[in-house]
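Quick note on labels: first sequence line is chain A, next is B, and so on, each numbered from 1.
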Protein chains: 2
Amino acid sequence: MRNRLTPAAKPADELQARVRRKEQTRQNLMQAALALVGNGSSFTALGIREITREAGVVPTAFYRHFKTTDELGLALVEEAGLTLRRLLREARQASLPGEDMIRHSVNVFINYLKQHHLEWRFISSERSGGSPALRNAIRNEITHFTNEMASDLRSLNIFPKLTGTSLLLICSVVVTLMMNSAVDFLDLKPEQPMIEREMQDNFVKQIVMVFLGAAHWEEVPTGSLQDEISGRQ
Amino acid sequence: MRNRLTPAAKPADELQARVRRKEQTRQNLMQAALALVGNGSSFTALGIREITREAGVVPTAFYRHFKTTDELGLALVEEAGLTLRRLLREARQASLPGEDMIRHSVNVFINYLKQHHLEWRFISSERSGGSPALRNAIRNEITHFTNEMASDLRSLNIFPKLTGTSLLLICSVVVTLMMNSAVDFLDLKPEQPMIEREMQDNFVKQIVMVFLGAAHWEEVPTGSLQDEISGRQ
DNA sequence: TGTACATCAGTGAACGCGCGTTCACTGATGTAC
DNA sequence: TGTACATCAGTGAACGCGCGTTCACTGATGTAC
């Protein structure tokens, strides 16, 4: 009891060696799983022995950190969620509305995609292919991301006429397009700059179209939009 | 040599018993795989023994029909492709353009989804999570579907001002939204009719917005759309 | 401060099990004549 | 038409292998006093 406070006198960010090493191994396991996914395996099909082999520890060491591979997957989702939030923060700095803002945001997005391609590959493939728990966690992250994007658009006052619900729908379309494009970009061979360029332009054009629709959207009772779509031609 | 033609005298659609039974087993294997996927398993993680057990044949019988589970998966993709094409043919009968057409098509889509939910679940989860070969095959089917939808819109003359490229982009957005909604609908518990209703309305609204943007789209040089998005408010 | 003890991340042997694949087979169906 | 032979979808035993999980362990790090 006497010297109980002595260890706590260390700087708070310099953890005890044992804790630091444990955290390091945990990270190694997570990175090993990502590496295997990047190698073409499906996360769902990864085994504990496979992951620990890649991480350079003995199979049983896995249980010191996670009960199941699903639990490791959830940790990866959380990590990827942080990446998503940073992406949004960076894209947010494109202040001027209009096509330039979209073009800039898409650039930020594609850079993040390349920089964190393993995480994105994992998220993309487990979003609909993983275990229910994983799917749910990813869906929550994406919903969160969509909400933040909507509140950004709100504060930029780009669509002052739209209700919050409609704004969310717009963002949901954009995010869906984004996740879809991510898969396409990730499957691209790196030696195809022309195709990448084209895909990027198409992606921008799609978002511009959606925003254009949003700009012309009037909050009206169901049914009366029919005329505008078919009539303006 | 003498009676060579005698067997061919049978009606062409009534195959020899052996061929028929083989085809039946093949179908059983495919349906068994779908059933397992519907049960919560990931197709990628299915094993030959698992599938044959579900189909009620001995493991080695598998090899009479497919070399690998991937080959079975490709057969499933092909089958699902037929479903997609039938869906399009039925939706096509909604002749009047405008929101009613969209609403009707979405209804057709959701009915198909419920009717063929195992196939859709398979396609949804393997679209980004499966083996490269499977992913590719699914992507091809979806591209094909998108192209057909674009040529439908073209012949309905809904967007006479749009180039073929732009029309394809629109359809690509709609199909992306469709695949995305499919996942959400499939994850819905059947005893949540209110939420389903709401999701369906949102989905319709999203498509209407996209079509609205398309109707206001002018084929112009890059950059000049900026004003319209930000200026019309 | 030094010492004796506690903690616990990672080890390594061992287990039972289901996997994919091989092989020789059987017996119903199809074919030749 | 009847008979003798060929085909081949499905069988069942057997194999070697890697899996997930258990358990008792070791030895570096942390704690008490």
Intermediate values then yes/no, side chain to side chain contact (heavy atoms under 4.5 Å, CB included), B:E119 and B:L76:
CA-CA 8 Å; B:E119 290 171 46; B:L76 284 174; over 6 Å; no
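- Between A:R64 atom CZ and D:dG27 atom P there is a gap of 16 Å when expressed in whole angstrom units.
- For B:A17, whose side chain is taken as the heavy atoms from C-beta onward, the closest listed nucleotide among C:dT21, C:dG12, C:dG30 is C:dG30.
- Using cut-offs of 30° and 60° on the angle between ring planes, the pair A:F62 and A:F66 is tilted.
- Using a 4.0 Å cut-off on heavy atoms, the residues of residues 32-48 of chain A that approach DNA chain D are A:G47, A:I48, listed by number.
- Judged by distance alone with a 3.5 Å cut-off, no donor-acceptor contact links the side chain of B:R18 to the base of C:dG30.
- Nucleotide D:dG20 holds its P atom 8 Å from the CD1 atom of A:I51, rounded to whole Å.
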One pair to check against side chain to side chain contact (heavy atoms under 4.5 Å, CB included): B:F211 and B:M101. What are the steps and the verdict?
CA-CA 12 Å; B:F211 273 30; B:M101 179 192 73; 3.9 Å; yes
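- In this model, a donor atom of one side chain and an acceptor atom of the other lie less than 3.5 Å apart for B:Q24 and B:N28.
- Looking at heavy-atom distances under 4.0 Å, B:R26 makes no contact with the nucleic acid at all.
- The interatomic distance linking A:E23 (CD) with C:dG10 (P) rounds to 11 Å, in whole Å.
- A straight line from CG of A:N28 to P of C:dA9 spans 15 Å, rounded to a whole angstrom.
- Applying the 3.5 Å distance criterion, the base of C:dG12 shares a donor-acceptor pair with the side chain of A:T60.
- Among the nucleotides C:dG18, C:dT11, D:dG10, the one closest to any side-chain atom of A:A61 is C:dT11.
- Protein atom NZ of B:K22 is 17 Å distant from nucleotide atom C1' of C:dG27, rounded to whole Å.
- If you check every strand for non-hydrogen atoms under 4.0 Å, A:V57 touches sugar and phosphate atoms only.
- Listed nucleotides C:dC19, C:dG10, D:dC19 differ in distance to B:R53; the shortest reach to its side chain belongs to C:dC19.
- Below the 3.5 angstrom threshold, one finds a donor paired with an acceptor across the side chain of A:R49 and the base of D:dG20.
- Between B:V58 and A:T68, the residue anchored nearer the 5' end of DNA chain D, judged by the nucleotide with its closest heavy atom, is B:V58.
- For B:E148 and B:R92, the salt-bridge test passes: some basic side-chain N is under 4.0 Å from an acidic carboxylate O.
- A:V210 is listed as a side-chain neighbour of A:L177, based on a closest heavy-atom distance under 4.5 Å.
- Distance B:E50 CD to C:dC17 P: 18 Å, rounded to the nearest Å.
- Remark: P of D:dC8 and NE2 of B:H65 are 13 Å apart, rounded to the nearest angstrom.
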Could you write out DNA chain C as a dot-bracket string, with dots for unpaired bases, | for bases paired across to another strand, and Watson-Crick or G-U pairs counted at under 3.5 Å?
.||||||||||||||||||||||||||||||||
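- Using a 4.0 Å cut-off, some side-chain N or O of A:Q16 falls inside it from OP1 or OP2 of D:dT31.
- Checked for salt-bridge contact, A:K205 and A:E198 miss the test: no charged N lies under 4.0 Å from a carboxylate O.
- Taking a cutoff of 4.0 Å between a charged side-chain nitrogen and a carboxylate oxygen, B:D152 and B:R89 do not qualify as a salt bridge.
- Using a 4.5 Å cut-off on side-chain heavy atoms (C-beta onward), B:T83 and B:Q115 make no contact.
- One atom, CZ of B:R20, and another, P of D:dC8, lie 17 Å apart when rounded to the nearest Å.
- In this model, no side-chain donor or acceptor of A:R21 finds a partner on the base of D:dT29 within 3.5 Å.
- Using a distance-only test at 3.5 Å, with no hydrogens or angles considered, no donor-acceptor pair links the side chain of B:S172 to the main chain of B:L168.
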